[in-house]
Structures are given as C-alpha cells and as structure tokens.
K.L.:
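Have a look at this one.
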Amino acid sequence: MDEPAGPRALEALATEDRRFPPPAGFADRAVVSDPGIYDRAERDLEGFWAEQARTLQWRKPFTKVLEWDLPYAKWFADGELNVAENCLDRHVLAGHGDRVAFHWEGEPGDSRRITYRELQDLTNRCANALKALGVRTGDRVAIYLPMIPELPAAMLACARIGAPFTVVFAGFSAEALASRIDDSEAKLLITADGGYRKGGIVPLKKNADDAAARARTIEHLLVVRRTKQAVPWTEGRDVWWHELVDAQSPECPAESLPAEHMLYLLYTSGTTATPKGIVHTTGGYLTGVATTHRTIFDLRAGDVYWCAADIGWVTGHSYIVFGPLANGATSVLYEGTPDFPDKDRWWQVIEKYKVSILYCAPTAIRTFMKWGAEHVAKHDLGSLRLLGSVGEPINPEAWLWYRKTIGGGRCPIVDTWWMTETGMILITPLPGLVTTKPGSATFPFPGVKVDVVDESGASVPLGGAGYLVIERPWPAMLRGIYKDDRRYRETYWSRFPGRFFAGDGAKRDAEGYLWLMGRVDDVMKISGHRISTTEVESALVSHPRVAEAAVIGREDLITGQAIFAFVTLRSGNEGSAALSLELREHVARSIGAIARPKTIMFTPDLPKTRSGKIMRRLLRDIANGVALGDTTTLADASVVEMIRSASGSGSED
Ligand code: 7RM
C-alpha cells in the first residue's frame, strides 16, 4: 500500500489557515442550526437514525434499527416501504403534484419541465411496461441512458416493482456494459437510440446491441427515442419506449418491500481489472441520502438545486435522484457538457432556472478557472446561496475561486467526502454550523465516526497523516459486493479488522479538521471519475502489439490525475506517435473515453521487484518528477535511469 503522493499532499501539509464561519444571515435560517445534533447522534446513534427514518413513509413500521453482524449491517430490517412511493406518491398526495421535480435542459437547447405528478405518471407507465416485458420483483434491469428524464423514471420504475437496477454510465463502451450485464444477469436493457455530446451523437443503441449480443441474459431492449437517427433493430427483441410505455396505464401499485431489499447495484473500479458490483438496499439507503441531502445542502422551500454530476455515477444516484426526490426538491437535470455550445452554458442554466444550490466536482471548477471569469460574468448568479464540492480533493486555490467568482463571496461551501460504497456523504461541514477551511472536508456527519490510523491501525495524533477508516456502520452503507463475499471482506474489512478501510489517505490538523489526500491504492480519480490502473493495463495488454503495461495517475492541474501509461511492446514493434494514438483509442474503445490514457511512454522494460512485481509507485514518482526514494528492492536498477532519462518524451494529445 502506498502513501498518497504529489502536490496535493504537500499542499495539505502547508495547511491553509483562512477560515470561513457560516454567514450570520445563513446560520439563523439554516435547516440545522443547533450544534447539539452532533452530541445527540453520538449519544444515541440508533435513536438519531430512527428519527430520520420516520420522516419517510413506511408500509410496515420498523421495530428494529440496526443489526450489526460485522461486516454486514441491516437497518430497519423488519420494516417495509417503497422508494418510488416515497419519492413521488407521497408528495403528490400531500398536494405537491404540480411542483417541479426536474427542470430538464437538453444539450441542444430543448427543455422540459417535469412536475412530481408527471414524473409519477411516467414512472408508473414505465413500471407497467417492465411488467409487460416479463420483469418481476427481484429481476435485474440494466440501464444505459443519457441524462434525460426517462433515466430517473426508469430507476424509479424498477424501484416501484422491486427490480434491482444497474445504471451503466453512457460514456462506457459496449464491452464495459456487457460485463456489467453479465455479472448482474440483467434480463432487460433500457437504452436510447443515441445521446448528445458536444453537438455530436453517441451511438448508444449500437453499443447496446453489441453488449446484448455478447451478454447472455438480455431478453429485451427498451429503447427511448432521443436523437432520432436510424438505428439497427432486432424484431421481437427490441421495443420502442414511446410505443410500449406511452400505451401503459399511469396507475401501478408500489410493491411493499423489506427495508433490506436490494435497490440497485452500481459497478465501481477497485484494484483489479474487474469492477465490483456495490449493493445498495432500500430503507437505510433512502434514510441516509434524504437526511444528508436535506441537512448538508440546507434544503429550504423555494430552492432550486442542481447537482451537475452524471446519474451514471453514485453522486447522481444519491444526490440527483433519490435524496432530492425523497425530499420533494426541485432540481435541474442537464444533459450536456459545460462548453456546449459555449463555455458559459452552466452559468446560463443557473441564471435561467435561478439555481440556489450548486453541487459539482473540483475538476469542473478548475476548468472554469482556466477558461476565465469572463464567461461567468456574462450571467447573473445572484440566485446562488450554497455551493458543494465532491469527487476528489479540492485545492484551496480552486475553493477560494469557487467561493468568490461563483458564489459572489456570500455562499458557504460544503466539501463532501464519500464513495460509491458509502452511498451517502460521510465527511462534510453542516453549512449553518461549521466554520470551513478551504480544502478541508472538515468533520464527520453526525453519528459518523472516523479515524486516521497508521500501518498498524493505531490512531495518528492530531497534526498527523495516515489512512482513513470508518468506525461504525451508517444507514446507506454498502451491503456487500454482489456475489463476492470474499472480495467484500478482503477489500474493506481485512486491512484494519473491524473497521471500514476507505482506501484514502487523510490528515487531521491540530483542530481535528480532516484533509483528504487522495487514494492510497491502485484506484485513480480522473476528473472525479473512478478508474483502476489495472483495468487500463489489462485493456492495453489486450492489444496485440503490447507485451506489458504499467499505468499510474499522474498529477494534473485540471483533472486532478491524468492517466499515464508505461508500455513495453512485443519484440519486433517500435513505439511511434501513430501507435500511441492507436493504443489510446484501443483503451477508449474497450473501457470508454474517460479511460483513454493522456500519455503513453514506450519503454524497453519496466522496473520490477525481485519477485517480479511492477513498481508502480516508483513509476508514479518518475512521472510526477518526484525525487526517488529507495530503489534497492529493484531487480534491475538501470531500468529506472533509462526510463527517467526518457520520461517527458511520452506522446500526448
Ligand atoms: C462520491 C464519489 C470515491 C473516492 C474517494 C476519494 C474521492 C470523493 C472527495 C474525495 C477528497 C472529497 N464516489 N473523493 N469525494 N476526495 N475530497 N470531497 O466520488 O466512488 O466515485 O469515488 O473519491 O478518493 O475514495 S467514488
């Protein structure tokens, strides 16, 4: 296991000492303004979460709160509820049917306003269509859609009938989609003809066809018409959404489901080439995301909330779909990229819908910094009152720019740390209570207990750095890795027995503020997207001309990390700009464009330990220009010199 490296670690050590208490006018009216919440949750964890859970609608009330059979938790296990009913029917019945659930903004400039009643209607028709296609409670459904209203509706439709779904990010390749379908054994794939991206069309149906041909379990494709170009069609298997769903009844009873019923699977990258199916369930998950969404984003009547993530990642699941809808929030759902048609698109969207809460990734903020404040200045961002950050460490400079240039100096910033596995935010300020420091995610959410430990598991004193562990269960935590109990135990619970090992390095300053320092394993965060080094390596070595590859995340001022690949070719081949391009495309085709290496460096050999293990950390230091430490375990030290003298000559885009 490595220590986190690079400028971020150095920067965090030179602790940023500016501090920002909650503005007076903000704190007075905040959803949480009583600091006693921390004590209350600490004194009675189960009571705290039971109270939160009771704000949801239960078909059968729970009598038990937490059953902790390490490493498996059950929350509210004897209770029953339905997620779609909580996200939709409950609000419609309370008289909020005409409230906007989503202001949807399409990339080409088309838009749709979807009220809670309309979303309920769409969800129910879709749920009836699922049944018509033979989907029953417990069957898995794969969803491969762009950011259109049918995506949350499809997720909610599955939840309504109790069919666990797995959303696959629309930027993933056919191969990546196929492997997720195979692992989840999904029988239905919901997709679209295409998706818009920077004015072009992504051929989703074509990818879906390729994936369905490769995967063994798909019986039908349910296809939304979005881009309207001609698509291949398999009669009998493929069904148009507008033909089947539109013809269904808008009434569909919501199944009463046990709290521990599987809501969804979400595949995420670990330290091997095979993504893990993270299991999330119903009652605890919804309690966790609803509570954190309401309290951390300080959700009040009249707010317009925008989480700019993609629903294909966990951030979109928890904080575009389930948290906000459970809270009856009004959200923006944006289909496209920040620079289409122009670099001011986000600010135009904020002005148009009077967005009051914005939640996005540091990589986006740094990109906007690079583009320049003039794009921001074209629009009135006076509606904003709270800003959030997620996905990677935010450097103090970006934090301060976000606060000043986007937030006009008046909006608190919540830097929220969490993972696919945690389901909900675990480390964050509460904006009405906590004084923030630029670059620090501050403190654990009420009831959450973390520690920073050394190799031996001993708590590191304040001021020190180490590994982040989570000390006790929380309601939205993963319930395992799908069909892989051993990997679940090994990945999260064996490094520090009895404690959840997050895989992140962290430092606690003298006042106990937490500073997250990035991954300490073979997981990279590229523009906030989680990609494993081994996944990219295995894509590279699947190319006929590649003998061996070692991939590392090199620090990047905009994307946080960028993929840097050291490649050794099979004999008889020679590195060239053309081959570099070909290999980069090869990876993009086999995983998705987000995994395309930025740099390829051809090297005749790779540094290995005497036992033959590639020394990735050494390569990372070389790529980052860091002074090299001990290389005495190397089998052949001359390899390092050779690579070092050649580094910088890698070819990039
Ligand atoms: C939500 C999400 C998880 C990894 C995690 C961290 C990094 C996320 C922050 C952060 C520093 C943050 N899920 N991470 N949030 N690092 N500060 N506020 O990103 O499963 O895709 O990734 O993301 O390294 O382990 S994820």
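Just so you know, ligand 1 is whichever comes first in the structure, and atom 1 is the first atom listed for that ligand.
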K.L.:
Going by the rule side-chain hydrogen bond (donor to acceptor under 3.5 Å, both in side chains), which residues pair with Asp454 if we only count those two or more places apart in sequence or in a different chain?
P.N.:
Ser456
K.L.:
Taking Trp75 for its side chain and Trp474 for its backbone only, find out whether a donor-acceptor pair lies under 3.5 Å.
P.N.:
yes
K.L.:
Taking atom CG of Asp298 and atom CD1 of Ile357, what is their separation to the nearest 0.5 Å?
P.N.:
7.0 Å
K.L.:
Does any N or O in the side chain of Thr166 come within less than 3.5 Å of the main-chain N or O of Leu265, such that one atom is a donor and the other an acceptor?
P.N.:
yes
K.L.:
For ligand 1, give me the residues whose heavy-atom distance to it is below 4.0 Å, by chain and number please.
P.N.:
Val314, Thr315, Val390, Gly391, Glu392, Pro393, Asp415, Thr416, Trp417, Trp418, Met419, Thr420, Asp504, Leu516, Arg519, Lys525, Arg530
K.L.:
Counting only heavy atoms not in Leu557, do more than 12 fall under 6.0 Å of its CG?
P.N.:
no
K.L.:
Answer yes if the ring centres of Trp399 and Tyr402 are under 6.0 angstrom apart, and no otherwise.
P.N.:
no
